[in-house]
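What follows is a short report on a single structure.
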Amino acid sequence: MYHSFLIKYAEIATKGKNRYLFEDALVKQIRRALKPVEGHFHVMKEQGRIYAHAEGDYDYDGAVGALGRVFGIVGICPVVILDDEGFEKLSQDVIAYLDEAYPDKHFTFKVMARRARKNYPKNSNQINAELGEAILQAFPDIRVDVHHPDIYLNVEIRERIYVYSQTIPGAGGMPVGTAGKAMLLLSGGIDSPVAGYMIAKRGAKIDAVYFHAPPYTSERAKQKVVDLAKEVARYSGPIELHVVNFTDIQLYIYETCPHDQLTILMRRYMMRIAEQIALEKDCLGLITGESIGQVASQTMQSLMATNEVCTLPVYRPLIAFDKQDIVTISEKIGTYETSILPYEDCCTIFVAKHPVTKPNLKVIHRSEEKLGEKIDEMVKTALETREVIWAE
């Protein structure tokens, strides 16, 4: 029934003279999303609108699902495209459209005509009135409600005529790639995939780094993180995942430093390593899934201690979220079931029984001095031996 999708956006419309750049980025992301869907699609800008036209048979549900994961889209409108064969034929086609789209005829409606082609013989008000009259004659149970209708019947008169009445909610946000690139510290938990999703929603291209600690963490734990990256990539586009072997660094810190400082010291070295990879990949910041007070390493004092080692900004989109808020988003985007699989990562293996919650930076600095130049060599080795996996 539907030949095309009208793509609605919101914030892009406020971008003034740069609007076309955001529209072009959105078109690019729509094409990427539809590429694996069965069928052939032609995505185009037309008179201030973006359309995805389907050529021949296609997977309707697959197309709607793919478009629903494209950031920048706020609404997806399945459209019937008609040739202009006169107003009487248009009335017949609109009645047939409503008959098929709405088997239950007990609803209210309002016709919303837009005459983009000014040589059409009827103006918008005339189209509204005459189409409304034809619909009422065809379906006695339907009523007009110009203030709060159940259905807005949109009829756009262009070179051809576009008819639609349904708006499927989109993912919102801004098109990926319009806000630079950032590096996500990705673990196997619930929080970090959600953080990556949220930053990507604001238009950032994301890559990720995962700290692996074999044999203390298994290949299943690593695969879990790869699977999470793939889930996030359904929204963000392909993610370059850097898998860093962190075992030697963790063991050395464990053997050399006070155990109540383990989490903070390990986090500081994770941030150092992630930042080096981020700078190498031209990223403009780091992303973490931290939330104030959720665990010992996420008190404000602890966050300040980990921030100290970074020169790049650290983006924490979940900083004020309750755990249930984060869980709700993870369920919505499909990462929750993978995140709760019982494969531990390096953050949970080397946890002190009584971690410090208010670290003193002078004390932390003294502990790091004990690590000497050996830790720098270990960091260098970890960077040089990292594995890169493409998640898409």
Side-chain angles (χ1 to χ4, degrees), residues 1-16 19 23 26 30 44-54 60-61 63-64 67-68 70 72-173:
M1 178 178 179
Y2 300 107
H3 312 294
S4 182
F5 296 96
L6 165 63
I7 307 301
K8 290 188 174 183
Y9 52 73
E11 285 185 65
I12 292 175
T14 68
K15 297 304 178 183
R19 174 172 165 174
E23 289 178 334
L26 182 55
I30 292 169
M44 59 183 293
K45 295 194 296 182
E46 181 181 304
Q47 294 179 302
R49 297 295 184 94
I50 295 177
Y51 291 96
H53 297 295
Y60 173 84
D61 291 333
V64 170
L67 291 171
V70 176
I73 296 177
V74 297
I76 305 154
C77 303
V79 175
V80 170
I81 302 178
L82 307 171
D83 291 320
D84 184 5
E85 301 178 70
F87 188 79
E88 184 176 345
K89 181 65 164 65
L90 172 61
S91 298
Q92 294 172 0
D93 288 338
V94 167
I95 288 167
Y97 163 77
L98 288 174
D99 193 29
E100 184 174 348
Y102 302 98
D104 182 356
K105 301 301 186 293
H106 294 84
F107 61 83
T108 59
F109 77 100
K110 178 181 180 180
V111 179
M112 302 281 287
R114 181 182 180 190
R115 190 181 62 157
R117 176 159 54 89
K118 299 306 180 185
N119 63 356
Y120 193 76
K122 297 181 185 292
N123 64 34
S124 297
N125 288 333
Q126 290 173 320
I127 297 169
N128 289 339
E130 294 182 29
L131 266 184
E133 183 179 356
I135 292 166
L136 290 172
Q137 289 177 354
F139 306 115
D141 292 328
I142 295 178
R143 296 285 182 267
V144 172
D145 184 343
V146 297
H147 299 295
H148 303 289
D150 298 320
I151 292 168
Y152 286 95
L153 178 64
N154 295 273
V155 180
E156 297 190 1
I157 310 296
R158 298 176 180 271
E159 291 304 313
R160 301 177 76 190
I161 300 174
Y162 296 74
V163 178
Y164 61 95
S165 60
Q166 182 184 12
T167 300
I168 302 165

Would you please name every residue forming a side chain to side chain contact (heavy atoms under 4.5 Å, CB included) with [X], sequence neighbours left out?
{"X": "Ile81", "value": "His3, Ser4, His53, Val79, Arg160, Tyr162"}
{"X": "Lys45", "value": "Tyr20, Glu23, Asp24, Val27, Ile50"}
{"X": "His148", "value": "Asp145"}

TODO: Keeping to residues at least two apart or across chains, list the ring-ring contact (aromatic ring centres under 6.0 Å, His included) pairs with something in residues 99-132.
DONE: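 For residues 99-132, and leaving out neighbouring residues, the ring-ring contact (aromatic ring centres under 6.0 Å, His included) pairs sorted by first residue read Tyr102-Phe107.
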Just verifying a value: how many Å separate [X] [atom1] and [Y] [atom2], rounded to the nearest 0.5 Å?
{"X": "Ile7", "Y": "Leu26", "atom1": "CD1", "atom2": "CG", "result": "7.5 Å"}
{"X": "Glu100", "Y": "Leu98", "atom1": "CD", "atom2": "CG", "result": "10.5 Å"}
{"X": "Met112", "Y": "Asn128", "atom1": "CE", "atom2": "CG", "result": "8.0 Å"}
{"X": "Asp141", "Y": "Leu136", "atom1": "CG", "atom2": "CG", "result": "11.0 Å"}
{"X": "Asp99", "Y": "Ile135", "atom1": "CG", "atom2": "CD1", "result": "11.5 Å"}

Residues forming a salt bridge (charged side-chain N to carboxylate O under 4.0 Å, His left out) with [X], sequence neighbours excluded:
{"X": "Glu159", "result": "none"}
{"X": "Asp61", "result": "none"}
{"X": "Arg158", "result": "Glu156"}
{"X": "Glu130", "result": "Lys122"}

Task: Pairing residues for Ser124 by the side chain to side chain donor-acceptor pair (under 3.5 Å) criterion, not counting sequence neighbours - done: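 Applying side chain to side chain donor-acceptor pair (under 3.5 Å) to Ser124 gives none.
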TODO: Please name all residues satisfying side chain to side chain donor-acceptor pair (under 3.5 Å) with Gln126, sequence neighbours left out, ordered by chain then number.
DONE: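 Gln126 satisfies side chain to side chain donor-acceptor pair (under 3.5 Å) with no other residue.
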Open item on the list: Minimum heavy-atom separation for Ile127 and Ala113, please, with both atom names.
Closed with: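 Result for this residue pair: CG2-CB, 3.6 Å.
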Open item on the list: How close do Ile76 and Gly68 get, counting heavy atoms only, and between which atoms?
Closed with: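 For Ile76 and Gly68, the tightest heavy-atom pair comes out as CD1-N, 3.7 Å.
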Open item on the list: Can a donor-acceptor pair be found, under 3.5 Å and without considering hydrogens, that links the side chain of Thr108 to the backbone of Asp150?
Closed with: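 Checked: pair present.
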Open item on the list: Among residues at least two apart in sequence or on other chains, which ones pass ring-ring contact (aromatic ring centres under 6.0 Å, His included) with Tyr2?
Closed with: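 Partners of Tyr2 under the ring-ring contact (aromatic ring centres under 6.0 Å, His included) test: Tyr60.
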- [ ] Give the intermediate values and the outcome of side-chain contact (heavy atoms from CB on, under 4.5 Å) for residues Tyr152 and Thr167.
- [x] CA-CA 10 Å; Tyr152 286 95; Thr167 300; over 6 Å; no
- [ ] Please tell me if the side chains of Ile168 and Pro78 come closer than 4.5 Å, counting only heavy atoms from C-beta onward.
- [x]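 Yes, close enough: below the 4.5 Å cut-off.
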TODO: Could you check if a side-chain atom of Asn154 sits within less than 4.5 angstrom of a side-chain atom of Arg114, using non-hydrogen atoms only?
DONE: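 A side-chain contact under 4.5 Å is absent here.
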Show me the donor-acceptor pairs within less than 3.5 Å that the side chains of residues 84-97 make with the rest of the protein, sequence neighbours left out.
residue : atom : partner : partner atom : Å
Asp84   : OD1  : Gly86   : N            : 3.2
Asp84   : OD2  : Arg117  : NH2          : 2.9
Lys89   : NZ   : Asp93   : OD1          : 2.9
Lys89   : NZ   : Asp93   : OD2          : 3.0
Ser91   : OG   : Phe87   : O            : 3.1
Tyr97   : OH   : Ser165  : N            : 3.1
Tyr97   : OH   : Ser165  : OG           : 2.6

